[in-house]
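Labels below follow one simple rule: chain letters A, B, ... track the order of the sequence lines, proteins then strands, and each chain is numbered from 1. Basis for what follows: all heavy atoms, side chains included, without hydrogens, waters or symmetry-related copies.
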Amino acid sequence: MRYSQYFLPTTKETPADAEVISHKLMLRTGMIRKVAAGIYNYMPFGLRAIRKVEQIVREEMNRAGAIELLMPMVTPAELWVESGRWEQYGKELLRFKDRKEGDFCLGPTHEEVITDIVRREVRSYRQVPVNLYQIQTKFRDEIRPRFGLMRGREFIMKDAYSFDVDDAGADAAYEKMYQAYRRIFERCGLRFRAVEADTGNIGGSSSHEFMVLAESGEDAIVSCDSCEYAANVEKAEIRVAETGAPAPAAALQEVATPGQKSIDEVAAFLKVDPRQTVKTLIVTTDTGEQVAVLLRGDHELNEIKLCRYLGCNHLELASDDTVQKATGAPSGYAGPVGLKLRILADLAVKSMSDFVVGANRADTHLAGASHGRDFSVEAFADLRQAEHGDPCPRCDGRLEIWRGIEVGHIFKLGTKYSEALGAKVQDESGKERTLVMGCYGIGVGRTVAAAIEQNNDANGIIWPMPIAPFQVLITMLNPKEEAVRDAAEELYRALLEKGCDVLLDDRDERPGSKFKDADLIGIPLRVTVGARGLQDGAFELQARAGGEREMVPVDKTVEVLTARIAAALGT
RNA sequence: CGGGGAGUAGCGCAGCCUGGUAGCGCACCUGCCUUGGGAGCAGGGGGUCGCAGGUUCAAAUCCUGUCUCCCCGACCA
């Protein structure tokens, strides 16, 4: 591609609405342009990177035996009603009517549609296992789209669905996808972790997320410093030594805490360690019930764990009004003593006694409280968020906390959708069996964003070779000098012939502009063609990632470049 | 959905408080000049100031409504 003929609108300045580095760089390099909140144009340069990722995904999915197809983006309500998700999904599902008043939605994921295909076409156990995938535009009407392609409403996703006769088959399909995903993200040049994850509203029994490690990540993950355990904090288990609480030593006693609401304020005011306090959170479940949850003062509630324990889909912290009604005190002073609600407590509270709690009265707390004596707890359970330094649930190691960008997620679905939609086959004995499913997603645009997030410097992007929009950039310094022009053109032609993705900067610009753009767009290999080098019969070669500038003889350049590319692609 | 902020030329911004019909830098166009790290000089094009209504002789500026975008947020008990 000739730069002078290409569509690559780079900017010196960053648009004011970009926050994270990948978003800024995608705007500055003209990879994307916003059309509406969370909805983007993929400009030519950005599309090239997306296509590279798609191609890697395709190759690895095919290698793992999956088969590509394409489903519609617009899907009829009937299928969603059958699975129960027309009611369940909420506002993220963008619904609309066609001219005949029929209900439709834009597909946020395709379990229903794929299961419909399989139940129509697959009758016999001999037709499975089968794993079908597509790479397609999805739409989820996110509450808060942000960070460019990292959380868009419209985005490109690879989604695969496996069907097996039994759990053993489904487990094998899952394992295959796990390995395929590892290969995909390794090939994309990403530093990532596969972590145990919550299954969320997709459903199913177990799942892993593939997390690209980056400070700007929206998710927190834990990993053990000495074993392989890694999990999303939403899911991370906490191992608690089963020590009983010491016998209460102090008497329950009211203390005045005027204006002191938060744990930090109360602990500082009373001069006690926050670890010697217990906070009482009032939550409202999706059935409208209020439940009190006790946590050690310095711990944080994990809503997902609580949700799972209570068997509800959603819960929220009670509003100030609700807290006032339930406890008789403004929020900040709730406590378990005399409270007429279900009381659950985190395991850490079990081994505590003589702690500080709210008194259910404004400006008042209780010191010397102990469970069993002053109030009773319905159940103790693992309800808190894992923290840095917590003991690993699998070994004697400690947990570390990282931030990550979720680029892939694989689920064992079980029979949730096949049961609801009736996807069954006959087995060898003629008996009907409900198919066991798995589903496997990769955010393609998000993978590109994550790659930029991990590979950049103050001057711009530093593309990993496998997903770089171009592999080589030839910077022709002064196109008006015939020798320079001819040499650069000749190299360009030779590289094209070798099948390289090469961009020739043949613009009549000053060198400074060309070098700045070269740094910004981050093509991995840069060849500078100038009169200075040509005097010695050489081109100047430099990797965007850094390292020495080297002079390469003109007639060796193609050879050197193709070798470097092959090495970087691992081919 | 709640809280905060912002909409003025393609991008980044000033002007608004104290009304008088719009400006700066970059980008763009023309010419000269220049070619190893975003050059210089000269000339030029481009904006119904998000939209609607109101106040006023007069509105980017004051008032009301509305739309859009960005940031923060269930972590407080």
Is it the case that B/U35 (base atoms only) and A/K514 (side chain only) share a donor and an acceptor within less than 3.5 Å, ignoring hydrogens and angles?
no

Next item on the list: May I ask you to verify if any side-chain N or O of A/R532 is less than 4.0 angstrom from the OP1 or OP2 atom of B/G36?
Entry: no

A/R28 CZ to B/C26 P, in whole Å, measures 16 Å

Atom CG of A/L341 and atom C1' of B/A77 are separated, to the nearest Å, by 13 Å

Rounded to whole Å, CG of A/D17 lies from P of B/G12 at a distance of 7 Å

Are OP1 or OP2 of B/C69 and a side-chain N or O of A/R146 less than 4.0 angstrom apart?
no

query: Is a donor-acceptor contact shorter than 3.5 angstrom present between the side chain of A/K480 and the base of B/U34?
result: yes

Separation of B/C70 atom P from A/K24 atom NZ, nearest Å, is 15 Å

From the candidates B/G37, B/C11, B/C69, the one with an atom nearest any side-chain atom of A/A36 is B/C69

May I ask you to check whether A/E254 and A/T364 show a side-chain donor-acceptor distance below 3.5 Å? no

Ranking B/C70, B/G12, B/A77 by distance to the side chain of A/A16, first place goes to B/G12

Of the listed B/U35, B/G37, B/G25, the closest approach to the A/K516 side chain comes from B/G37

Taking the six-membered ring of A/W86, is the NZ or CZ of A/R95 close enough (under 6.0 Å from the centre) and on axis enough (within 45°)? yes

The nucleotide from B/C75, B/U35, B/G38 with an atom nearest the side chain of A/E300 is B/C75

Among side-chain atoms of A/S376 and A/H371, is any donor-acceptor pair under 3.5 angstrom? no

Rounded to whole Å, the CD-P distance (A/E265 to B/A77) equals 8 Å

Rounding to 0.5 Å, atoms CE (A/M211) and NE2 (A/H409) come to a distance of 8.0 Å

Between A/K12 and B/G25, is there a contact of a side-chain N or O with OP1 or OP2 at under 4.0 Å?
no

With the side chain defined as heavy atoms from C-beta on, A/F147 is closest, among B/C71, B/G37, B/G12, to B/C71

query = NA contact type, A/T14, heavy-atom cut-off 4.0 Å: base, sugar-phosphate, or nothing?
reply = sugar-phosphate

Rounded to whole Å, CZ of A/R510 lies from P of B/C41 at a distance of 12 Å

Distance flag, aromatic centroids of A/Y6 and A/F470, threshold under 6.0 Å: yes

Taken to the nearest whole Å, CE/A/M43 to P/B/G10 is 15 Å

Among the nucleotides B/A77, B/G36, B/G37, whichever has the atom closest to the side chain of A/R526 is B/G37

- prompt: Hey, does the side chain of A/R144 come within less than 4.0 Å of B/C71's phosphate (OP1/OP2), counting only N and O?
  reply: yes

Which of B/G25, B/C69, B/A77 is nearest the side chain of A/A37? It is B/C69

Nearest-Å distance once atom C1' is located in both B/G46 and B/U64
33 Å

To the nearest angstrom, the CD-C1' distance between A/E19 and B/G5 comes to 13 Å

Is there a donor in the side chain of A/N360 and an acceptor in the side chain of A/Y333, or the other way round, less than 3.5 Å apart?
no

Side-chain contact check for A/S513: nearest option of B/C69, B/A39, B/A77 is B/A39

The nucleotide from B/G38, B/A77, B/G12 with an atom nearest the side chain of A/P15 is B/G12

Examine the base of B/G36 for any acceptor or donor lying under 3.5 Å from a partner atom in the side chain of A/E540, and report the outcome as yes or no. yes

The nucleotide from B/A77, B/G36, B/U35 with an atom nearest the side chain of A/D508 is B/U35

